[in-house]
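Only one structure is covered here, and it is reproduced in the block below.
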Amino acid sequence: MIPWLLLDTADVPGGGQLKLLQRGSEFSIRLGQNELMSSRVNGSEQALASIACAMIKGRKPLTMLIGGLGMGFTLRAALAGLDTEAEVVVAELVPAVVAWARGPMAHIFGNSLTDPRVRIREVDVGQLIRSGRSLFDAIVLDVDNGPEGLARTANNELYDTNGLQAARAVLRSGGILALWSSGPNPKFTQRLRQAGFSVEERSVRANGERGGARRVIWIATGPDL
């Protein structure tokens with residue numbers, strides 16, 4: 001068995017520390033003992049973006065906000081599903097994650113970070129969500145293990161009633177909020193509806209067609225205004 005090698009650490013604003021580890025060709029980003037993402041298991045992260053792109057296909061001009069860069073699987077799937085005129089804004093809170101993407105994991109990201117459609121913002125995605133009205137056609141969130149903040153307690157503010165209402169306000173008419181979770185959360189589904197979204201909950205496999213644990217993706221659609 002090849003041992004894990006610690007490549008780097010990075011402090012998370014508000015507390016906690018991320019670790020980047022490598023074992024052979026596999027990478028893992030962890031918070032303490034909790035694995036947040038793996039280069040080996042990424043099917044549900046890709047599904048998150050693919051579903052969102054299908055829901056907003058044909059809109060022009062189109063702007064998507066992705067919360068969390070991670071290992072880039074959501075970003076790459078979004079770029080594959082959007083046309084050449086789209087704009088993709090990626091908000092990543094921890095600058096080191098962007099550095100890892102351009103450094104030891106550059107081969108995983110390919111040319112996604114230099115794609116002319118992409119803008120990387122080293123900022124809390126919540127700040128962009130609260131920055132105005134009718135700015136985005138889709139918001140894709142994969143910043144934690146679900147609606148209850150594991151990586152960062154402040155992430156709870158994205159998923160509470162005020163955060164969801166801010167997301168609805170910053171979406172354009174009929175825009176969608178797509179969210180990834182490691183498991184179901186009926187209370188959160190109810191909270192989405194209370195915030196004015198129509199909600200669809202989908203179950204996807206962690207490793208796509210190869211199976212794996214079941215993950216949950218919420219597709220919350222705002223009203224047509």
Side-chain angles (χ1 to χ4, degrees), residues 1-13 16-54 63-125 138 140-145 150-152 178 180 182 204-213 215 217:
M1 177 69 72
I2 302 174
W4 284 103
L5 175 66
L6 178 65
L7 298 183
D8 198 10
T9 63
D11 292 334
V12 179
Q17 186 181 72
L18 295 181
K19 296 185 290 186
L20 175 65
L21 299 101
Q22 182 178 8
R23 182 175 64 185
S25 60
E26 181 182 358
F27 290 85
S28 174
I29 295 179
R30 301 179 186 178
L31 179 72
Q33 299 302 312
N34 296 301
E35 184 173 68
L36 299 181
M37 59 205 78
S38 165
S39 61
R40 182 175 53 86
V41 181
N42 51 67
S44 61
E45 289 86 349
Q46 294 181 59
L48 174 67
S50 297
I51 293 170
C53 289
T63 305
M64 174 182 285
L65 172 63
I66 296 178
L69 178 61
M71 293 188 176
F73 295 109
T74 300
L75 171 59
R76 288 174 62 185
L79 293 174
L82 297 174
D83 65 32
T84 57
E85 298 176 3
E87 179 183 20
V88 182
V89 180
V90 182
E92 174 53 56
L93 179 67
V94 182
V97 173
V98 180
W100 297 342
R102 291 177 171 144
M105 294 192 294
H107 64 288
I108 296 175
F109 282 80
N111 62 359
S112 60
L113 296 182
T114 57
D115 189 299
R117 294 172 290 176
V118 176
R119 287 196 297 130
I120 304 295
R121 298 284 307 275
E122 294 181 4
V123 65
D124 184 347
V125 68
V140 178
L141 290 182
D142 181 14
V143 297
D144 217 310
N145 269 20
L150 170 66
R152 181 170 175 257
W180 182 96
S182 59
V204 298
R205 293 288 191 175
N207 219 7
E209 295 180 354
R210 290 182 290 165
R215 305 303 188 201
I217 292 174

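Side chains included, hydrogens not; waters and symmetry mates left out as well; all remaining heavy atoms used.
Heavy atoms only, all atoms of each residue included: Ser39 and Ser25 are closest at OG-O, 4.2 Å. Taking both residues in full, the closest heavy atoms of Pro104 and Leu20 are given as CG-CD2, 3.8 Å, listed atom of the first, atom of the second, then distance. When all heavy atoms of Ala49 and Ala78 are compared, the closest pair comes out as CB-N, 3.6 Å. For Ser112 against Val118, the heavy-atom pair with the smallest separation is O-CG2, 3.5 Å. For the residue pair Ser44 and Val204, the shortest heavy atom distance occurs at CB-CG2, 3.6 Å. Here the closest non-hydrogen pair linking Val94 and Pro13 is CG2-CD, 4.2 Å.
Between atom CD of residue Glu45 and atom CG of residue Asp142 there is a gap of 5.5 Å, rounded to the nearest 0.5 Å. Note: Leu48 CG to Ile217 CD1 = 5.0 Å, rounded to the nearest 0.5 Å. Between the CZ atom in Arg117 and the CG atom in Asp83 there is a gap of 7.5 Å [rounded to 0.5 Å]. Going from atom CD1 of Ile2 over to atom CZ of Arg23 covers 7.5 Å, rounded to the nearest 0.5 Å. The CD1 atom of Ile29 sits 11.0 Å away from the CG atom of Leu31 when rounded to the nearest 0.5 Å.
No donor-acceptor contact under 3.5 angstrom links the side chains of Arg40 and Ser38, judged on distance only.
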**Prompt:** How far apart are the C-alpha atoms of Trp180 and Thr74, what are their side-chain angles, what is the distance that settles it, and do they pass the side-chain contact (heavy atoms from CB on, under 4.5 Å) test?
**Reply:** CA-CA 10 Å; Trp180 182 96; Thr74 300; over 6 Å; no

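Between Lys19 and Trp4 the shortest side-chain heavy-atom distance does not fall below 4.5 Å. With a 4.5 Å cut-off on side-chain heavy atoms, Phe27 and Leu7 count as touching. Taking 4.5 Å as the limit, some side-chain heavy atom of Leu79 sits within range of a side-chain heavy atom of Leu75. Trp100 is listed as a side-chain neighbour of Leu18, based on a closest heavy-atom distance under 4.5 Å.
In this structure, the side chain of Gln22 engages the main chain of Gly24 through a donor-acceptor pair within 3.5 Å. Of the possible donor and acceptor atoms, none in the side chain of Arg102 sits under 3.5 Å from a partner among the backbone N and O of Leu113. Not one N or O on the side chain of Arg76 forms a donor-acceptor pair closer than 3.5 Å with the backbone of Gln46. Panel note: side chain Arg121, backbone Val89; no donor-acceptor pair is recorded below 3.5 Å. Between the Arg215 side chain and the Gly43 main chain, no donor and acceptor come within less than 3.5 Å of each other. Between the side chain of Glu92 and the backbone N or O of Leu69 there is at least one donor-acceptor pair closer than 3.5 Å. With hydrogens and angles ignored, the 3.5 Å screen pairs no side-chain donor or acceptor of Thr63 with any backbone N or O of Glu87.
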